[in-house]
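This report concerns only the one structure given below.
When a residue number appears, it is its place in the shown sequence, counting from 1. Predicted model only: the values in this text are computed from it and were never measured.
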Amino acid sequence: MAEETSLEDFLDAGDESEDEGVNGVSAGDETTETESEVSDAEVSTDGVEPAVTTYAWSPEGAPCAECGEVVERRWTQDGILVCGACKSW
């Protein structure tokens, strides 16, 4: 059986020097990172459509809106959930 590998084994040791602290900022660096210049009040979500589902999975199965067959996997077509056989690809 192969030996388990730690995530640390994948880190590149050459990226960080001994004087670097947290987040790669050197110990002698007095500057701090600033947050985004745009405030939350300036960000607008007007005109952004919410995400819609295109697929549904039901472990117990659910009826297809087109043929009525009970299936685990259904896809959205014309606003209803249909099985793979009824879906027009």
Query raised in the report: To the nearest 0.5 Å, how far apart are CD in E69 and SG in C64?
Result: 7.5 Å
Query raised in the report: OG of S6 to CG of L11: how many Å apart, nearest 0.5 Å?
Result: 8.0 Å
Query raised in the report: How about D78: does its CG atom have over 12 heavy atoms from other parts shown lying under 6.0 Å from it?
Result: no
Report summary line: CZ (R74) and SG (C86) are apart, to the nearest 0.5 Å, by 12.0 Å
Query raised in the report: Where is the tightest heavy-atom contact between E66 and I80, given as atom of each residue plus distance?
Result: OE1-CD1, 3.7 Å
Query raised in the report: Ignoring hydrogens and geometry, is there a side-chain-to-backbone donor-acceptor pair from T53 to Y55 under 3.5 Å?
Result: yes
Report summary line: Closest heavy-atom pair, F10 versus T5, reported as atoms and distance to 0.1 Å, is CE1-CG2, 3.5 Å
Query raised in the report: Among the clusters formed by ILVMFWY side chains lying less than 4.5 Å apart, do W75 and W57 turn up in the same one?
Result: yes
Query raised in the report: Rounded to the nearest 0.5 Å, how far apart are CD of Q77 and OG1 of T54?
Result: 12.5 Å
Query raised in the report: Which pair of heavy atoms, one from T76 and one from L81, lies closest together, and at what distance?
Result: OG1-CD2, 3.5 Å
